[in-house]
Amino acid sequence: MPELPEVEATRQSFADKIAGSTVLCVRTGKPLRWPLACAPARLVGRQVLGVRRRGKYLLIDLDQGLLLVHLGMSGSLGFALHLPEPGPHDHFQIVTTRGTLRLHDPRRFGCVVYAESEASETVRKLLGKLGVEPLTDDFCASRFHAGLRRRQTAIKQVLLAGDLVVGVGNIYASEALFLAGIRPTVRAAKLSLPRATRLHAAIRDVLGRALAGGGSTLRNFSNANGESGHFQLEAMVYAREGQPCRVCAAPIRALRQGQRSSFYCPQCQKA
DNA sequence: AAAAGCCCCTGGATGC
DNA sequence: TGCATCCAGGGGCTTT
């Protein structure tokens, strides 16, 4: 599940396999976060050109239109030549000439939305305010710092908001802030250029390593082939309240920010 | 424009 | 064992 590394690992696990296929039939389950926005039958016969990612959205390009897929909190995709009978939490699937793609999402915070084109209102609404991709060269430290200086709220919240930089979810936000030695409550605007630069590097480091590990999250995750990440990335602070810091042994602390939990080491992240 | 809250939904863990 | 409560990796929308 889904921060950027998991979404990207999911994309990589089925993009090449589904590309070039033709949609044979579509099945929908319970309603997801947003309606599909077209009659499922209209997708039949369309060709799948490829799969891209923007932030935590997957974009499945069709020869006419595209599907925006978001995994929400509990979603995962499966892709195989044959999948077992759909279960009660399988809420969308397309059978193609190369295999079946299925969204499994118990909490149904995820979505599959059809858009006529990338210029459509739907795409603009969902992707229009997304920030820069952290693993590309567009993510540069000085521009990151400049963006932070305009924000008066806590740095952790700015990372999660996704309008400055995308893909950093609740786990990796805490982890990146730890690596950078920055307390999650610090006002974004107060970060110096050197500290913002450290954070910039920490974000790339933690996301990059997680992706290299196959979307190794700290909990359960499996890509569209049902393979789990390597779990090579162990959390330094996330969900470790009261446990000793792996660097200095001070007890890790937890707090709530914007209805989400944050974790930090009071010793390694003094400010 | 930016920030803060609210809410969507189900399942698993915990506590009584 | 049964039931209530709390918590969960996201993010769009509304209100301030």
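In what follows, chains are A, B, ... by sequence order, proteins preceding strands, each numbered from 1.
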| query | Expressed in angstrom and rounded to an integer, what is the separation of A/K156 atom NZ from C/dG9 atom P? | reply | 8 Å
| field | N/O (side chain, A/Y57) to phosphate O (OP1/OP2, C/dG12) under 4.0 Å | value | yes
| request: Check whether any side-chain nitrogen or oxygen of A/K129 sits under 4.0 Å from OP1 or OP2 of C/dG11, and answer yes or no. | output: no
| Closest listed nucleotide, where the reference is the side chain of A/W34 and the choices are C/dG11, C/dC13, C/dG9 | C/dC13
| Short side-chain N/O contact from A/T153 to OP1 or OP2 of B/dA4, under 4.0 Å | yes
| request: For the pair A/R53 and A/E6, find out whether any cationic side-chain nitrogen is under 4.0 Å from an anionic carboxylate oxygen. | output: no
| message | Both A/S261 and A/H70 contact DNA chain C. Taking the nearest nucleotide for each, which residue is further toward the 5' end? | response | A/S261
| said: Just N and O in the side chain of A/S174: are any of them under 4.0 Å from OP1 or OP2 of C/dG9? | reply: no
| message | If you count heavy atoms of other groups shown closer than 6.0 angstrom to CZ of A/R149, is the number above 12? | response | no
| Watson-Crick/G-U partner (both atom distances under 3.5 Å) of B/dC6 | C/dG12
| field | Whole angstrom value for the distance that separates C1' of B/dA4 from CD of A/Q259 | value | 8 Å
| said: Give me the distance, rounded to whole Å, that separates B/dC9 from C/dC3 when you measure between the P atoms they each carry. | reply: 24 Å
| query | Roughly how many Å is it from CG in A/D163 to C1' in B/dA3, rounded to a whole number? | reply | 11 Å
| said: With a cut-off of less than 4.0 Å, is there a side-chain N or O of A/H89 near OP1 or OP2 of B/dG11? | reply: yes
| task | For A/R256, report the nucleic acid contact type (base, sugar-phosphate, nothing); a contact means any heavy atom under 4.0 Å. | result | sugar-phosphate
| field | A/R107 or A/Q152, whichever maps to the more 5' nucleotide of DNA chain B | value | A/Q152
| request: Give the rounded distance in Å between these two atoms: CZ of A/F109 and P of C/dC7. | output: 15 Å
| query | From the list C/dG12, C/dG9, B/dA2, which nucleotide is the closest neighbour of the side chain of A/R151? | reply | B/dA2
| message | Rounded at 0.5 Å granularity, tell me how far CG in A/L159 sits from OH in A/Y172. | response | 14.5 Å
| request: Could you check whether A/R260 gets within reach of a base, just the sugar-phosphate, or nothing at all, counting any heavy atom under 4.0 Å? | output: base
| Counting any heavy atom closer than 4.0 Å, what does A/G169 reach on the DNA or RNA strands: base, sugar-phosphate only, or nothing? | sugar-phosphate
| said: Suppose you measure atom P in C/dG9 against the same atom in B/dT14; what distance do you get, rounded to whole Å? | reply: 16 Å
| said: Within the supplied structure, the quantity of interest is the number of heavy atoms (other residues, nucleotides, ligands) at a distance under 6.0 Å from A/R195 CZ; does it exceed 12? | reply: yes
| message | Check the phosphate of C/dG12 against A/K125, side-chain N and O only, distance under 4.0 Å to OP1 or OP2. Yes or no? | response | no
| Whole-Å distance between B/dC9 P and A/D105 CG? | 12 Å
| query | Rounded to the nearest Å, what distance is computed from the CD atom of residue A/Q157 to the C1' atom of nucleotide B/dA2? | reply | 12 Å
| Do A/S74 and A/D105 get their side chains close enough for a donor-acceptor pair, meaning under 3.5 Å? | yes
| Hey, does the side chain of A/Y172 come within less than 4.0 Å of C/dG9's phosphate (OP1/OP2), counting only N and O? | no
| Around atom CG of A/D63, are there more than 12 heavy atoms of other residues, nucleotides or ligands at under 6.0 Å? | yes
| message | If I take atom CG in residue A/N170 and atom P in nucleotide C/dG11, what distance separates them, rounded to the nearest angstrom? | response | 11 Å
| said: Tell me the interatomic distance from A/L71, atom CG, to B/dC9, atom P, rounded to whole angstroms. | reply: 19 Å
| So what does A/R108 hit on the nucleic acid, given a heavy-atom distance under 4.0 Å: a base, only sugar-phosphate, or nothing? | sugar-phosphate
